[in-house]
Amino acid sequence: MATPLLSSMFTKLDMLSTSDHSSIVSMNLFVALLCGCIVLGHLLEETRWINETITALLIGLGTGVVILMISKGTNSHILVFSEDLFFIYLLPPIIFNAGFQVKKKQFFRNFITIITFGAIGTLISFCIISVGAMEIFKKMEIGSLDVADYLAIGAIFAATDSVCTLQVLSQDDTPLLYSLVFGEGVVNDATSVVLFNAIQSFDLTHIDHRIALQFMGSFFYLFFSSTLLGVITGLLSAYIIKKLYFGRHSTDREVALMMLMAYLSYMLAELFYLSGILTVFFCGIVMSHYTWHNVTESSRVTTKHAFATLSFVAETFIFVYVGMDALDIEKWRFVSDSPGTSVAVSSILMGLVMIGRAAFVFPLSLLTNLTKKSTSERVSFRQQIIIWWAGLMRGAVSMALAYNQFTGSGHTQLRGNAVMITSTISVVLFSTVVFGLLTKPLISILLPPLKNFRSSSTISSDLGSPKSLLLPLIGSQQNSEADLGGQEPTGQNGIIRPGSLRMLLNAPTHTVHHYWRKFDDSFMRLVFGGRGFVPFVPGSPTERRAHNLNDGT
């Protein structure tokens, strides 16, 4: 009796051991792929035509082909897809780093324009894509899709990925354009996710004016509640670190607390059914404005590089997997009987994306230009074309939302869902590779590089940002005097900065930014720390400098 029981137990242990070994092999291969992406991306960096995103996609595609050949057409993956992998582990570091590294000064100077493009523009694009897909796809009979699916399609394809454009744009030559493209891209992603979450919470089988009002109310509730939660979590982290002086004992505690509080903000948003992406983005902004200045110098360097590294690895991971998933036989099997349908759906979606983006970029640019007094603050027609082009690429957020809507644990058994997944993959691959490759020549044609001398003083605007450790182009001393009153900003050696940057960086006396700076300096920084707060840590460079000064007196 005992012998069969022992035999069965050993058999199960052998199976478990084999499964664990397979997982270890898969993880080794995938980590090796990520290393290959980093090395190859570095070798191709000089061209600036093929960035890490395109490199990761192509490596993923190539790996998928090899796996298909080895498995004789049964599989194209190394790892099994999990929706939680996207939303719980990969997206948070990407979005948090975007908020943590954002150039706050330019972001909030152009805040109205960014919100107009990122929120209102996304709503316009969402409506055009949803209505267009509903009217066209119903006639094509691609499968059983309901109203919620069509609205989800609008949210999925309204999410942009402007990485390729940002890697080509120069923050020195075109600070306004860079700020608009970056800010609009982040707010756009957050708005798309909020729209998607609002769609999931409603029964949209019978739409009337009450449902529409409730939907809009839910959208604004999610948007503002998620933002508020991110701000509160960021301020709490700043207050705790400022009061407790973790760095006097161990800088590791400071770094660990910042990382955990950032991730906690995302998980709290998911716990309360809010938008985790919006929450963690604004948590990143608040942390970079207050918390980052309350830690020791070594912690600042560590956190800056740690957040950037996690974001980079997560983005590379996503696009490698997307490349392999593009060759998933199971999904393509559902559309193999009519490949023309899948191509048609992908083409229609790409066309709707282009129309939906054009429908708000050019009209909203015209409206915002009417409110600008200075010509340097207005968005020219050539810049409008680049902003339109930058938002045509689709990436990680679109893929994550599509998997969430049309698959379960990475699989789908319905033809309509399979068509949408394969079409999303096709649009992401086409837009990223084709539009990404054409981004540099387009910008070179529309915005030829200036031949004027660029002094070192143009490489500044905000030393209070984490990016200043590697990219000193975000500024010196935050220009408090210039912000508060019309003095001529100068560089560290008294060199007057060029007029173009002066017009961008000097705040008018009566602006929201002016009053916020007064409130921030007189109240917020006193409570939560921030720029100017230097924690006294025994043995730190700050203490040594102070000691040397005392010895000299």
Side-chain angles (χ1 to χ4, degrees), residues 53 91 94-99 101-103 106-108 110-130 151-166 169 177-199 219-220 222-224 226-227 230 275-282 284-285 311 315 349-350 352-365 368 379 383-384 386-402 424 427-428 431-432 435-436 439:
T53 299
L91 283 183
I94 295 173
I95 303 300
F96 176 81
N97 186 64
Q101 306 285 7
V102 70
K103 297 173 68 174
Q106 292 184 13
F107 180 84
F108 286 104
N110 302 301
F111 187 72
I112 301 300
T113 304
I114 288 172
I115 291 296
T116 302
F117 284 171
I120 298 176
T122 302
L123 288 172
I124 295 173
S125 180
F126 160 77
C127 294
I128 291 176
I129 295 173
S130 297
L151 293 177
I153 290 172
I156 290 167
F157 288 97
T160 66
D161 190 336
S162 53
V163 173
C164 294
T165 306
L166 291 174
L169 283 176
L177 182 59
Y178 188 96
S179 175
L180 292 179
V181 171
F182 176 83
E184 186 256 338
V186 174
V187 177
N188 165 278
D189 286 346
T191 305
S192 299
V193 175
V194 169
L195 277 172
F196 186 85
N197 291 339
I199 292 168
F219 170 77
F220 286 111
L222 287 173
F223 198 95
F224 291 109
S226 302
T227 302
S275 170
I277 288 183
L278 199 62
T279 296
V280 79
F281 172 70
F282 278 96
I285 291 180
S311 174
E315 283 187 345
L349 288 172
M350 195 70 249
L352 290 173
V353 166
M354 299 175 74
I355 295 172
R357 185 150 185 88
F360 78 82
V361 169
F362 299 106
L364 292 182
S365 297
T368 56
V379 185
Q383 291 176 326
Q384 294 174 32
I386 294 176
I387 293 174
W388 170 75
W389 182 271
L392 294 179
M393 286 164 273
R394 295 298 177 264
V397 175
S398 295
M399 286 299 307
L401 296 180
T424 303
V427 170
V428 169
S431 62
T432 302
F435 293 150
T439 295

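Nothing here was measured: the structure is a model prediction, and the numbers come from that model.
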Validation row: Ile112, Thr116 side chains within 4.5 angstrom (heavy atoms): yes
Yes or no on side chain to side chain contact (heavy atoms under 4.5 Å, CB included) for Trp389 and Leu392, after CA distance, side-chain angles and deciding distance? CA-CA 5 Å; Trp389 182 271; Leu392 294 179; 4.2 Å; yes
Quick one: does Thr424's side chain get under 4.5 Å of Ile153's, heavy atoms only? no
From Asp161 atom CG to Asp189 atom CG, the distance as rounded to the nearest 0.5 Å: 7.0 Å
Could you state the interatomic distance from OG (Ser226) to CG (Asn197), rounded to the nearest 0.5 Å? 8.0 Å
Going through the checks in order, is the side chain to side chain contact (heavy atoms under 4.5 Å, CB included) test met by Ile277 and Ser192? CA-CA 10 Å; Ile277 288 183; Ser192 299; over 6 Å; no
Looking at every non-hydrogen atom in both residues, tell me the closest pair between Ser365 and Phe117 and how far apart they are. OG-CZ, 3.2 Å
Quick check: does any side chain N or O of Trp388 sit under 3.5 Å from a backbone N or O of Ala359, one acting as donor and the other as acceptor? no
How long is the gap from OG1 on Thr160 to CD on Glu184, to the nearest 0.5 Å? 5.5 Å
Would you say the side chain of Met350 lies within less than 4.5 Å of the side chain of Phe157, judging by non-hydrogen atoms? no
Using every non-hydrogen atom in the two residues, find where Ser311 and Asn97 come nearest and quote the distance to one decimal. CB-CB, 3.6 Å
Answer whether the closest heavy-atom distance between the side chains of Ile128 and Arg357 falls below 4.5 Å. no
For Val379 and Gln383, run side chain to side chain contact (heavy atoms under 4.5 Å, CB included): C-alpha distance rounded to whole Å, both residues' side-chain angles, the deciding distance at 0.1 Å, then the answer. CA-CA 6 Å; Val379 185; Gln383 291 176 326; 3.8 Å; yes
Taken to the nearest 0.5 Å, the spacing of Ile95 CD1 from Thr279 OG1 works out to 11.5 Å
Taken in chain and number order and not counting sequence neighbours, the residues that satisfy ring pair (Phe, Tyr, Trp, His ring centres under 6.0 Å) with Phe282 are none
Leu180/Asn110 under side chain to side chain contact (heavy atoms under 4.5 Å, CB included): CA gap, chis, key distance, verdict: CA-CA 7 Å; Leu180 292 179; Asn110 302 301; 4.0 Å; yes
Distance check, rounded to the nearest 0.5 Å: Leu222 atom CG versus Phe196 atom CZ? 13.0 Å
Looking at every non-hydrogen atom in both residues, tell me the closest pair between Ile199 and Ala155 and how far apart they are. CD1-CB, 4.3 Å
Between Met393 and Ser431 the two heavy atoms that sit nearest each other are CG-O, 3.2 Å
Closest non-hydrogen atom pair between Ala158 and Thr122, with its separation: CB-CG2, 3.9 Å
Do Val186 and Phe281 have side-chain heavy atoms sitting under 4.5 Å apart? yes
Roughly how far apart are Leu278 CG and Thr227 OG1, rounded to 0.5 Å? 3.5 Å
Could you tell me which non-hydrogen atom of Val194 sits nearest to which non-hydrogen atom of Phe223, and how far apart they are? CG1-N, 4.1 Å
